[in-house]
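Notes for the one structure printed next.
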Amino acid sequence: MSTIVRFAPSPTGRLHIGNIRTAVLNYLFALKSDGRFLLRLDDTDRERSTEEFAEGIRRDLAWLGFDISWQVRQSDRIARYDAAADKLKAAGLLYPCYESEDELERRRKRQMARGAPPIYDRASLRMSAEERARLEGEGRSPYWRFRLPNTEGSDGIVPLPTLVSWNDAIRGDQTVDLGSLSDPVLIRADGSYLYTFTSVVDDIELGITHVIRGGDHLTNTGVQIALFEALGAVPPVFAHHSLLVDAQGQALSKRLGALSIEGLRETGLEPMAVLSHAALVGTSDAIEAHSDLASLAAQFSFDKISLAPGRFDVAELNQLNARLLHRTGYAPIAQRLAALGVGGGEAFWDAVRGNVETLADARAWWDIATGTISPVIEDAGLVATAATLLPAEPWDETTWGAWTNAVKQATGAKGRALFHPLRLALTGREAGPELKHLLPFIGRERALARLKSSV
RNA sequence: GGUCCCUUCGUCUAUCGGUUAGGACGCGAGAUUUUCAAUCUUGAAAGACGGGUUCGACUCCCGUAGGGACCGCCA
C-alpha cells in the first residue's frame with residue numbers, strides 16, 4: 001500500500017512556522033516513501049473559516065515549493081459526513097444532547113473548582129424519551145456526542161478506565177485513557193460537523209496511511225482511534241511531533257505575525273531556508289540550509305525527531321538564509337535579481353553574494369555601487385591624494401590593486417590606514433565585498449566624485 | 001484540579017549501563033583578504049537538582065524544580 005499523507009490546516013488564519021513544520025514533515029515523508037501529499041482544508045468551522053485565508057494558505061505553500069495539486073475541502077464533503085453520522089446514530093454510538101454552551105461551561109468550571117476532572121456526565125444519555133421529546137417540542141435542537149467505548153463492565157453510563165494504545169512512529173507506545181475523557185461533540189446544534197469527526201471520516205475515505213501532526217493532538221488520537229473502529233476502519237499510523245517554542249522557550253503564539261509565512265516571505269527569506277529550518281529544528285540532524293526538498297527528504301526519518309519541544313529562533317533562520325545565498329550561483333536567481341533591479345550580471349552577484357543576508361541586500365549593494373551614497377571621509381588628505389591617482393578607464397579587477405599601490409607609495413599609508421578610508425569614501429560602509437570586485441561597477445566618474453566629496 | 005510529555009555545551013542534538021560525552025549553529029583564535037565582511041582551519045564550551053538501584057549511571061527507578069500539551073458546540 002502506497003503512502004498517503006495529508007496536511008490539514010483550517011483556513012481561520014495564515015500559516016505560521018509551527019504549521020509549516022507539520023506540513024514539511026508530512027511532505028518529506030511522502031517524498032521519501034514515494035507517496036502522495038494531500039492538502040485538506042478543514043473549513044467546517046463556518047464562523048471562522050474564510051476563502052481569503054484558504055487562498056493565503058495555498059499561496060504560502062506554493063511559495064514554499066510544495067506540489068499542492070491534490071486538494072480537498074471539507075465543506076465540499078458534507079454528504080460523506082452525513083452518511084457516516086447516520087451510521088453511528090444507527091449503531092447507537094451518537095446521541096443527542098440538549099445542554100446549552102453556557103450550561104456546559106458553568107458545569108466545567110464547577111467541576112474544576114471541586115478539583116474534579118471536567119468531564120461531561122452523560123446527562124443527556126440518561127434522559128428519557130419523553131424528556132427528549134419535550135425539549136425538542138420546545139424547539140431545542142440537539143448537538144451530538146460520540147459515546148466513547150469506556151463502559152465495558154459498568155452500567156453503560158458510568159465510565160471506567162479504558163486504555164487505548166497505539167504505536168506512535170515518533171513517540172513509541174502511547175496510551176490514552178478513554179475513561180477520563182468527555183464524549184466528544186461531533187455535531188453542533190446547527191448541524192455542522194467538528195474536526196474530530198470529519199478528520200476521521202476523511203482519513204478513512206481518502207486512504208490516509210500516516211497522520212503526522214503536532215503533539216497537541218495526542219489525546220484526540222485516543223478518541224479518534226475509537227472513532228475509526230466505530231466506523232469499521234483500521235486506524236492509520238500516527239506520528240506526533242513536539243510543538244515549537246520560541247527563542248525564550250515560550251509557546252509559539254499564533255498571534256506573532258512576524259512568524260507567519262507571509263511575514264517571513266516579506267522579510268525576504270528564501271523558501272528553502274524556511275523549509276530547512278522547519279524540517280531540521282528539533283531533529284538530530286545538523287540545521288543547515290538544503291537547496292531542495294529532495295535532499296531534505298533523503299535524510300528524513302521519524303526516529304530523528306526529538307520529543308522535546310523544538311526551539312524556533314528567527315536569528316538562526318536569518319543565518320541559514322545568508323549561508324544559503326552565499327553558495328547560490330547566478331543562474332538560479334538571475335531572474336529575481338533582474339526583477340529587483342540589480343544589474344551587473346554574474347560578475348556583480350559573485351562580487352556581493354558573500355555579503356548578503358537576503359536577496360534584497362544585493363539591490364542595496366547595487367545602489368551603493370551605481371547610485372548615490374553618502375561617502376564618509378575619514379582621512380581627507382589620503383582620500384584627496386587617492387583621487388588624483390585614479391587610473392584612466394577601462395577598469396577591471398586589477399585596477400584596485402594598481403591604484404591602491406600608487407596611493408600607498410604616495411602617502412606611505414598601508415593596511416587598515418590605507419583601505420579603511422578608501423572603503424568608507426567609496427561605499428559609505430564599514431564592511432562589504434572586496435573592493436577589487438566592486439570598483440569596476442562604481443566606475444571612475446562616481447569614484448572620483450565620492451573621493452572629492454570632502455571639498 | 002487531573003492526565004500525559006520533556007530537561008546533555010549559549011542553541012539544536014548524539015549516546016539507547018562502561019565514551020577523552022560526539023556533531024552542527026553561534027562564540028573565541030589563527031589563516032586568507034596588503035582593511036573589513038565573506039571564506040577556510042582551529043579552540044573553549046554540557047548531563048536541572050536530590051535520592052536510590054548497580055562493580056559501574058547522562059543512560060534504569062523515585063522525588064523536587066522548570067518547561068510543554070491536553071481536559072471546547074476550536075483545529
Side-chain angles (χ1 to χ4, degrees), chain A residues 8-13 19 42-45 47-49 97 99-101 104-105 108 111-120 142-145 171 174-177 179-182 184-196 198-199 213-222 240 242-245 247-252 254 277 280-288 304 306-313 315-316 319-320 322-323 326-327 351-356 400-401 404-405 408 413-424 427 429-436:
Chain A
S10 62
T12 56
N19 295 322
D42 285 5
D43 56 354
T44 55
D45 186 342
E47 301 267 302
R48 299 192 298 148
S49 300
C97 300
E99 297 85 359
S100 71
E101 291 189 57
L104 290 171
E105 176 68 25
R108 264 196 302 273
Q111 288 171 314
M112 297 270 260
R114 277 209 324 267
I119 304 300
Y120 179 63
Y143 68 97
W144 298 74
R145 289 186 189 259
R171 313 176 86 90
Q174 300 290 306
T175 58
V176 166
D177 177 14
S180 68
L181 299 174
S182 296
V185 176
L186 263 32
I187 310 176
R188 295 183 181 89
D190 69 1
S192 63
Y193 294 101
L194 274 86
Y195 164 83
T196 309
T198 54
S199 180
R213 60 187 356 178
D216 52 343
H217 284 288
L218 241 12
T219 330
N220 281 339
T221 297
H240 293 87
S242 62
L243 268 17
L244 251 30
V245 295
Q248 283 70 246
Q250 299 301 301
L252 223 48
K254 289 169 188 167
H277 194 277
L280 265 15
V281 72
T283 73
S284 57
D285 283 322
I287 297 183
E288 56 192 5
K304 288 180 180 173
S306 168
L307 267 37
R311 205 167 278 252
F312 175 76
D313 188 348
E316 194 163 9
Q319 196 51 242
L320 213 55
R323 227 194 308 277
H326 293 173
R327 58 148 211 267
V352 301
R353 69 181 188 184
N355 288 79
V356 302
W400 172 255
T404 53
N405 259 323
K408 179 180 177 184
K414 60 179 181 181
R416 184 178 171 84
L418 170 64
F419 294 102
H420 194 244
L422 292 178
R423 172 176 290 283
L424 284 173
T427 68
R429 302 289 189 96
E430 286 283 343
E434 282 206 53
L435 285 165
K436 152 170 106 170

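The sequence lines fix the lettering, A, B, ..., with proteins before strands; numbering per chain opens at 1.
- Residue contacts for A:Ala431: at a heavy-atom cut-off of 4.0 Å it reaches a base atom on one of the strands shown.
- For A:Tyr120, the ring pair (Phe, Tyr, Trp, His ring centres under 6.0 Å) criterion is met by no residue, not counting sequence neighbours.
- Proximity of A:Arg188 to A:Asp45: side-chain heavy atoms (C-beta onward) are separated by under 4.5 Å at one or more points.
- At a threshold of 4.0 angstrom between heavy atoms, the contacts of A:Arg108 are confined to the sugar-phosphate backbone, with no base atom among them.
- The side chain of A:Glu434 sits closest to B:C36 out of B:C36, B:G1, B:U39.
- Summarising the geometry, the separation between NE2 on A:His420 and P on B:U35 is reported as 13 Å, rounded to the nearest angstrom.
- The residue A:Gln111 sits apart from the nucleic acid: no heavy atom pair falls under 4.0 Å.
- Looking at heavy-atom distances under 4.0 Å, A:Ala308 makes contact with sugar-phosphate atoms alone, never a base.
- In this structure, CD1 of A:Ile287 is placed 15 Å from C1' of B:C9, rounded to the nearest angstrom.
- Using a 4.0 Å heavy-atom criterion, one finds that A:Ser182 contacts the sugar-phosphate atoms exclusively.
- Residue-level contact check: A:Arg145 touches the backbone only, with heavy atoms under 4.0 Å from sugar-phosphate atoms and none from bases.
- Mapped onto RNA chain B by nearest heavy atom, A:Asn220 and A:Lys408 fall at different nucleotides, with A:Lys408 at the one closer to the 5' end.
- Backbone-only engagement by A:Thr283 is indicated by non-hydrogen atom pairs under 4.0 Å involving sugar-phosphate atoms exclusively.
- Below 30°, between 30° and 60°, or above 60°: for A:Trp400 and A:Phe419 the angle between ring planes is between 30° and 60°, a tilted geometry.
- For the pair A:Gln319 CD and B:A38 P, the interatomic distance rounds to 8 Å; values are reported in whole Å.
- Between A:Arg171 atom CZ and B:C4 atom P there is a gap of 13 Å when expressed in whole angstrom units.
- Atom CG in A:Leu218 sits roughly 8 Å away from atom C1' in B:A69 (whole-Å rounding).
- Following rounding to the nearest Å, A:Leu320 (CG) and B:A38 (P) show an atom-to-atom distance of 16 Å.
- Taking the side-chain hydrogen bond (donor to acceptor under 3.5 Å, both in side chains) definition, one finds that A:Arg171 meets it with nothing, sequence neighbours left out.
- Heavy atoms of A:Asp285 sit nowhere under 4.0 angstrom from any nucleic acid atom.
- Looking at heavy atoms from C-beta onward, A:Leu104 lies in side-chain contact with A:Tyr143 at the 4.5 angstrom threshold.
- Regarding A:Arg423, its CZ atom lies at a distance of 13 Å from the C1' atom of B:U34, rounded to whole Å.
- Distances from the side chain of A:His326 to the nucleotides B:C73, B:A38, B:G1 place B:A38 closest.
- Between the C1' atom of B:C16 and the CG atom of A:Leu307 lies a distance of 14 Å, rounded to the nearest Å.
- Base contact: A:Asn355 has a heavy atom under 4.0 Å from a base atom.
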